[in-house]
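As structure tokens, the structure follows; a few thoughts come after it.
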Amino acid sequence: MGPIFKILLAEDDEGIREAIFEILVEEGHEVTVARDGEDALTCLERKKFDLIMTDYKMPKMTGTQLIEWCKKHSVKSQVVFMTANMKALLLDDVIKKFPAKIIEKPMTLDDILDAVKFAQDNRKEAFSKFIQKNSLDMKYA
């Protein structure tokens, strides 16, 4: 298991939301749940998250609208999209411009754990690049 993540889980289907919540908590992560995109937005205004796991299609605000808001407000969380409609998601312009892991419903336990590991690895890589850049900047300052 990697480092503990603060995860925002935005999923409108209660059964899926509860199942993913239980898996992530069992893995030791701190998980905040949101019932739709607007609920997720409220959570993001109050707290920082390492990872946002969002359904693509939700009422009130879609997952891509949520991520567009995050980009506009410089939210630096890793993103995992969950979808039952992979074709529509891949055609979405936001996805074409935004690096995110995508998992297709129905999901398996391994799909969920692999997505979190992917986000953890990306975070480690970004942090390593940040440290390298800043240490170089300090040498030549």
Side-chain angles (χ1 to χ4, degrees), residues 1-139 141:
M1 181 173 77
I4 303 301
F5 255 27
K6 291 180 183 156
I7 301 173
L8 173 60
L9 173 61
E11 169 62 61
D12 60 312
D13 182 294
E14 184 178 356
I16 293 172
R17 187 175 61 244
E18 287 179 5
I20 295 171
F21 174 83
E22 288 179 21
I23 290 166
L24 296 174
V25 168
E26 212 170 277
E27 288 294 308
H29 300 290
E30 180 184 314
V31 184
T32 300
V33 295
R35 293 185 172 111
D36 56 47
E38 283 185 1
D39 193 18
L41 188 67
T42 301
C43 294
L44 285 163
E45 290 172 335
R46 295 181 186 160
K47 185 175 179 181
K48 290 183 179 182
F49 296 93
D50 301 308
L51 173 62
I52 301 168
M53 293 185 74
T54 181
D55 191 4
Y56 170 60
K57 190 174 181 181
M58 295 181 288
K60 300 182 186 176
M61 177 185 269
T62 67
T64 51
Q65 289 170 327
L66 178 65
I67 298 310
E68 284 178 321
W69 181 92
C70 289
K71 283 179 71 174
K72 183 178 177 182
H73 292 87
S74 301
V75 174
K76 303 289 186 211
S77 304
Q78 297 288 317
V79 177
V80 172
F81 277 104
M82 304 172 288
T83 185
N85 190 346
M86 184 69 81
K87 187 176 180 180
L89 179 63
L90 293 175
L91 292 173
D92 192 300
D93 287 336
V94 173
I95 295 301
K96 293 176 185 175
K97 296 182 270 184
F98 192 84
K101 175 81 172 157
I102 302 169
I103 52 180
E104 192 168 14
K105 295 177 184 178
M107 299 169 280
T108 66
L109 173 65
D110 286 340
D111 291 336
I112 295 164
L113 297 179
D114 288 347
V116 174
K117 181 169 179 356
F118 174 83
Q120 290 172 323
D121 291 347
N122 274 357
R123 183 175 169 198
K124 285 181 202 170
E125 183 179 324
F127 183 72
S128 176
K129 286 179 183 176
F130 172 78
I131 294 298
Q132 288 172 354
K133 179 189 180 307
N134 285 331
S135 64
L136 285 174
D137 289 347
M138 289 174 70
K139 285 180 188 175

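- For the pair I103 and F81, the minimum side-chain heavy-atom distance is 4.5 Å or more.
- Scanning for side chain to side chain donor-acceptor pair (under 3.5 Å) contacts around S74 gives an empty result, with sequence neighbours left out.
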Worksheet item: How far apart are the C-alpha atoms of L113 and E27, what are their side-chain angles, what is the distance that settles it, and do they pass the side-chain contact (heavy atoms from CB on, under 4.5 Å) test?
Response: CA-CA 9 Å; L113 297 179; E27 288 294 308; 3.5 Å; yes

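- K57 pairs by the side chain to side chain donor-acceptor pair (under 3.5 Å) definition with nothing, not counting sequence neighbours.
- Shown here are the side chain to side chain donor-acceptor pair (under 3.5 Å) partners of D111, two or more places apart in sequence or in another chain: T108.
- Shown here are the side-chain contact (heavy atoms from CB on, under 4.5 Å) partners of D12, two or more places apart in sequence or in another chain: D55, M58, P59.
- At a threshold of 4.5 Å between non-hydrogen side-chain atoms, the residues L8 and S77 do not count as touching.
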Item to complete: Could you walk me through whether V75 and F49 pass the side-chain contact (heavy atoms from CB on, under 4.5 Å) test, one step at a time?
Response: CA-CA 9 Å; V75 174; F49 296 93; over 6 Å; no

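- Not counting sequence neighbours, P106 has no partner by the side-chain contact (heavy atoms from CB on, under 4.5 Å) test.
- For E30, the side-chain contact (heavy atoms from CB on, under 4.5 Å) test picks out K6, K47, with sequence neighbours left out.
- With sequence neighbours excluded, no residue satisfies side chain to side chain donor-acceptor pair (under 3.5 Å) with D39.
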Donor-acceptor pairs are to be reported for all side-chain atoms of residues 14-23 against protein atoms at under 3.5 Å, with residues two or more places apart or in another chain.
residue	atom	partner	partner atom	Å
R17	NH1	E11	O	2.7

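- When each of D50, L51, V80, D121 is tested with V116 by the rule side-chain contact (heavy atoms from CB on, under 4.5 Å), just one qualifies, namely L51.
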